Amino acid sequence: MFLKHVKNTALATVFGALICAAPYAKEVKKITVKGNVRLEAEVVKSYITSFVGKDIDEDDISDDLRNLYETGRFENVEIDFVNDNLIIKVQENPYVNTIKIVGDEKAVGTAEVALKEIQLKERDIFSKEKLNEAIRTLRAIMRVTGYYQGKVSPKIERLKDNRINLFFVVDAGAQSRIREIKFMGANVFSESELKDHIDSKEDTVLNFMAPTKIYDPQRRIPDLEKLRRFYFKKGYLDFEVERTVTELSTNRRDFYITHYITEGERYKVTDVTYTSDIKELPRKKLLKDANFEKDEWYDESEAEAETNRLNELAMEKGFAFVDVQKKLVKDEKNHTVAVNFHVGKADKVYIEKIIIEGNYLTRDHVILREMLLHEGDVYNKKLLKDSIRNIRMLGFFEPSISEKELKGSAKDKVKILISLKEKPAASFSMNLSVPSSGGIGGGITLGHNNIAGTGVQGMVGFEGAFQKHVKVNTSVTLPHFIFPKVDFTVGGGYQYVNSKEQSDTYANNWDGSGIFSIPLMKDLSANIGYSFSKVDQHPLKSNESHSKNFADRNENYISSSVIFGFRLDKRDNPITPLSGGIIVANSEFAGLGGDSKFIKFTLNSEYNFRFGKTEMVLTMRGRGGYIYDFDKYIYMNDRFNMPAKYLRGIGGEGIGPREGESNKKPTFMPASGNGTSIGGTRYFAGSAEFSFSMFEKLGMRGFAFTDVGNLWGLPKPKTSEPNDAQDEAVWGESYVRWTAGAGLKMELPFVGHLNAGLAYPIRYNEKYDKPGYFFFSMGASF
């Protein structure tokens with residue numbers, strides 16, 4: 001760069017004359033700076049080694065010239081030495097005001113990302129060297145995105161005060177794609193099968209949406225590694241890639257890739273041995289759950305799984321950094337292999353510090369109390385994984401919580417880094433139901449599952465309908481209440497009904513409860529609590545056609561009950577589980593004071609089957625309930641009702657025993673006036689739902705489902721008149737309903753969670769069941 005600028009000055013001429021006239025150094029008596037705009041003269045002088053009073057020669061001036069150029073601040077520099085005056089003429093490089101990428105931005109990904117990759121930044125001093133380097137960087141990005149024909153042209157707009165606006169004009173041209181992939185030397189497996197095991201894809205009709213059909217040289221090494229792993233999984237231990245040839249067509253649009261491979265022979269395992277340098281892990285313990293067997297074709301994936309198992313086993317014993325080696329002894333003549341798994345010597349490691357990052361709201365102690373390991377404990381990988389699962393089950397964070405072991409201040413110490421990302425803690429949800437029979441109902445729920453980062457959860461819900469039906473529920477959960485790991489949930493609700501059109505009923509009901517959740521062992525907890533309710537409901541008007549046993553519905557009573565149950569939760573995530581299940585069994589004994597006397601049993605279960613490592617999940621759900629009445633009357637408010645969400649496609653109201661007419665035989669009645677649902681003593685509901693990811697970037701999942709269920713069972717009549725009133729007044733059916741449907745779940749900006757779908761009732765009672773073909777709910781977190 002320096003020599004180039006020297007050619008543009010009269011320096012050679014000046015110094016030729018200077019040398020002829022004065023072969024010896026001369027003293028500088030004055031230094032003059034010209035042409036500087038932004039820089040002070042003293043700043044320019046600070047870059048050179050010459051100064052007033054110094055004797056200088058040709059070499060000194062050459063050094064000064066070089067030093068000024070190397071600052072990168074000057075576009076041109078000239079130095080003259082006239083009459084003992086060192087005259088420095090400079091032309092400053094401009095400052096960059098703005099930098100923009102215009103044209104085919106797609107060729108560089110996005111302008112924002114591309115501008116971060118180049119070294120030239122806004123408010124930097126501009127230079128041709130920086131400009132050329134930026135162009136080279138943008139062209140490299142274009143090649144990665146497949147635009148090998150692309151061009152980048154700079155455009156400079158000069159401003160006052162020696163500033164410029166810089167534009168990179170991108171001309172993408174046609175995108176270069178992979179036209180053909182070949183495997184020379186492949187005999188055991190077909191080319192189509194090998195192509196399925198690498199990321200790069202050919203540009204064909206079947207791969208029209210595959211982003212990897214665009215040629216990317218950085219994909220070559222991962223492709224070859226996946227190819228090697230595929231052959232080693234099949235037992236071909238002599239497999240190797242001799243070379244890979246990549247050719248670009250003359251039009252620079254098509255790439256042809258050829259892999260030259262040697263497959264070799266397939267190896268069978270003849271012997272498997274285990275050795276250990278750790279006395280706490282003798283050979284007997286290593287063999288206990290061994291999964292790698294001899295007399296089978298060698299499988300690299302199974303060997304890696306066995307290595308991981310041994311590593312986990314050593315970590316459970318407190319050995320954090322264990323060297324588990326897999327040694328293969330091949331018999332190339334007979335094509336067999338002996339495998340030895342060796343657990344190397346290691347010392348026990350203790351936890352020096354637990355570091356948590358990413359929790360901007362949640363307080364550290366809320367996370368640490370879910371840990372099964374603490375500072376000073378012996379490191380245990382299994383307990384660490386269980387701790388991460390406990391943190392995930394809080395529901396405060398994204399599922400991708402990671403843990404990393406860092407070396408501590410000593411050989412026997414380790415630091416644990418837990419990285420997490422918080423989810424929105426506040427939530428808003430809304431649901432809307434539009435049954436085909438008319439009427440609109442819905443609900444709104446507001447909640448916060450981590451108030452002030454303390455882990456305290458609160459919720460308030462509102463349900464209503466245009467038929468003058470209002471229901472409010474609220475609850476608060478206090479984690480680690482009084483005792484560690486013991487949670488306490490207190491809740492209450494209010495229901496008001498004044499519906500002549502829907503059920504000809506007035507209701508003014510209050511309820512409240514308090515539940516303790518006590519851990520018994522891993523994933524298993526017990527629930528103990530108390531529930532209280534005050535009910536006041538009756539018909540809006542007297543109707544002589546109503547049955548004497550049920551239709552008067554004048555209920556004004558108090559219910560006092562104790563609750564006891566168990567909860568087994570083995571899901572991987574409480575919000576969007578992909579695997580694992582949950583079982584909740586509860587019993588309620590009413591009779592601890594109050595007017596109600598019964599025992600109520602309920603069971604809710606769910607299990608999620610994940611298909612491999614895909615996002616496809618089959619979810620099976622089952623629910624059921626039974627009430628034992630002690631030969632006593634069970635009030636309507638204490639009976640079971642079938643919620644609409646249990647049978648998507650059929651409105652919950654109306655399923656089960658219904659009110660009939662006292663002077664007629666039982667008939668199926670419409671869900672208003674005569675024929676009103678009166679609840680039952682038994683129910684079951686089941687569903688199978690298959691869900692899958694559709695557009696991952698949009699957070700969209702599709703699902704298809706089928707639901708079955710029924711509500712039945714007649715309680716003891718309120719009165720004991722000697723007639724058939726009950727049999728004539730109600731229809732206690734056992735008619736199983738069955739529905740099916742499909743829908744979409746997704747996350748929308750500014751809207752949040754959306755769940756919508758269509759359901760079709762396959763088997764239902766057309767006389768009085770209320771089909772609801774469309775269901776919809778939405779909610780947002782913030």
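Only a predicted model underlies this, so the values are computations on that prediction, with no experimental measurement involved.
A search for ring pair (Phe, Tyr, Trp, His ring centres under 6.0 Å) contacts involving Tyr626 returns nothing, not counting sequence neighbours. With sequence neighbours excluded, the residues forming a ring pair (Phe, Tyr, Trp, His ring centres under 6.0 Å) with Phe609 are Tyr607, listed by chain and number.
Glu403 has no carboxylate O lying under 4.0 Å from a charged side-chain N of Lys385, or vice versa, which leaves the two without a salt bridge. Contact check on Asp523 versus Arg389 returns a salt bridge, with a Lys/Arg side-chain nitrogen under 4.0 Å from an Asp/Glu carboxylate oxygen. A salt bridge links Glu202 and Lys195; the closest N-O separation between the charged side-chain nitrogens and carboxylate oxygens is under 4.0 Å. The pair Lys745-Glu689 counts as a salt bridge, with a side-chain nitrogen and a carboxylate oxygen less than 4.0 angstrom apart. The pair Arg621-Glu606 meets the salt-bridge criterion, since a charged nitrogen lies less than 4.0 angstrom from a carboxylate oxygen. Note on Glu302 versus Arg309: no salt bridge recorded, every NZ/NE/NH1/NH2 to OD/OE distance being 4.0 Å or above. Salt bridge present: Arg229 and Glu304 bring a charged side-chain N and a carboxylate O closer than 4.0 Å. Arg219 has no carboxylate O lying under 4.0 Å from a charged side-chain N of Asp199, or vice versa, which leaves the two without a salt bridge.
Side-chain contact check for Phe690 versus Phe611: some heavy-atom pair is nearer than 4.5 Å. Arg392 places none of its side-chain heavy atoms less than 4.5 Å from the side chain of Asp572. Looking at heavy atoms from C-beta onward, Val476 lies out of side-chain contact with Phe488 at the 4.5 angstrom threshold. Side-chain atoms of Leu384 and Ile416, non-hydrogen and from C-beta on, do get closer than 4.5 Å to each other. Looking at Thr602 and Phe640, their side chains come closer than 4.5 Å, going by heavy atoms from C-beta outward. Side-chain contact check for Arg571 versus Leu578: every heavy-atom pair is 4.5 Å or farther apart. Taking 4.5 Å as the limit, some side-chain heavy atom of Asn311 sits within range of a side-chain heavy atom of Val324. The closest side-chain heavy-atom distance from Val486 to His480 is not below 4.5 Å.
Checked by atom type, the side-chain pair Thr362/Asn450 shows a donor-acceptor distance below 3.5 Å. Between Arg648 and Thr739, the side chains place no donor N or O within less than 3.5 Å of an acceptor N or O (distance only, hydrogens not considered). Defined by atom type and a distance below 3.5 Å, a donor-acceptor pair is missing between the side-chain atoms of Thr307 and Lys326. In this structure, a donor-acceptor pair under 3.5 Å is present between the side chains of Thr477 and Thr489.
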Output, in order, the C-alpha distance, side-chain angles, deciding distance and verdict of side-chain contact (heavy atoms from CB on, under 4.5 Å) for Ile354 and Leu368.
CA-CA 9 Å; Ile354 298 176; Leu368 291 173; 3.9 Å; yes

Take Ser200 and Asp223, measure what side chain to side chain donor-acceptor pair (under 3.5 Å) needs, and give me the verdict at the end.
CA-CA 7 Å; Ser200 297; Asp223 277 351; 2.5 Å; yes

Can Leu478 and Asp487 be said to form a side-chain contact (heavy atoms from CB on, under 4.5 Å), step by step?
CA-CA 6 Å; Leu478 305 173; Asp487 298 343; over 6 Å; no

Could you go step by step and tell me if Arg737 and Asn710 meet the side chain to side chain donor-acceptor pair (under 3.5 Å) rule?
CA-CA 6 Å; Arg737 276 75 167 177; Asn710 189 40; 2.9 Å; yes

Just do the side-chain contact (heavy atoms from CB on, under 4.5 Å) check on Asn586 and Phe564 with the steps written out, would you?
CA-CA 6 Å; Asn586 282 320; Phe564 179 75; over 6 Å; no

Could you walk me through whether Ile418 and Ile367 pass the side-chain contact (heavy atoms from CB on, under 4.5 Å) check?
CA-CA 10 Å; Ile418 299 175; Ile367 301 171; 5.5 Å; no

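Below 30°, between 30° and 60°, or above 60°: for Phe239 and Tyr231 the angle between ring planes is below 30°, a parallel geometry.
Interatomic distance, Trp297 CH2 to Lys234 NZ, rounded to the nearest 0.5 Å: 12.5 Å. In this structure, the separation between CD1 on Ile563 and OG on Ser587 is 9.0 Å, given to the nearest 0.5 Å.
Within the 3.5 Å criterion, the main-chain N or O of Met459 finds a donor-acceptor partner in the side chain of Thr474. No donor-acceptor distance shorter than 3.5 angstrom exists from the side chain of Arg701 to the backbone of Leu744, with no hydrogens or angles considered. A donor-acceptor pair under 3.5 Å is formed between the side chain of Glu422 and the backbone N or O of Tyr360. Side chain of Ser419 to main chain of Ser402: no donor-acceptor pair is present (N/O by atom type, distance under 3.5 Å, no hydrogens or angles).
Of all heavy-atom pairs spanning Ala742 and Phe705, the tightest one is N-CE2, 3.6 Å.
More than 12 heavy-atom neighbours from other residues, nucleotides or ligands sit within 6.0 angstrom of NZ on Lys485. Environment of NZ in Lys423: crowded, with over 12 heavy atoms of neighbouring residues, nucleotides or ligands closer than 6.0 Å.
Remark: aromatic rings of Phe341 and Phe292 are close, center separation under 6.0 Å. Taking the ring centroids of Phe232 and Phe230, they lie at or beyond the 6.0 Å cut-off.
Annotation: cation-pi geometry satisfied between Arg623 and Tyr646 (NZ/CZ under 6.0 angstrom from ring centroid, within 45° of ring axis).
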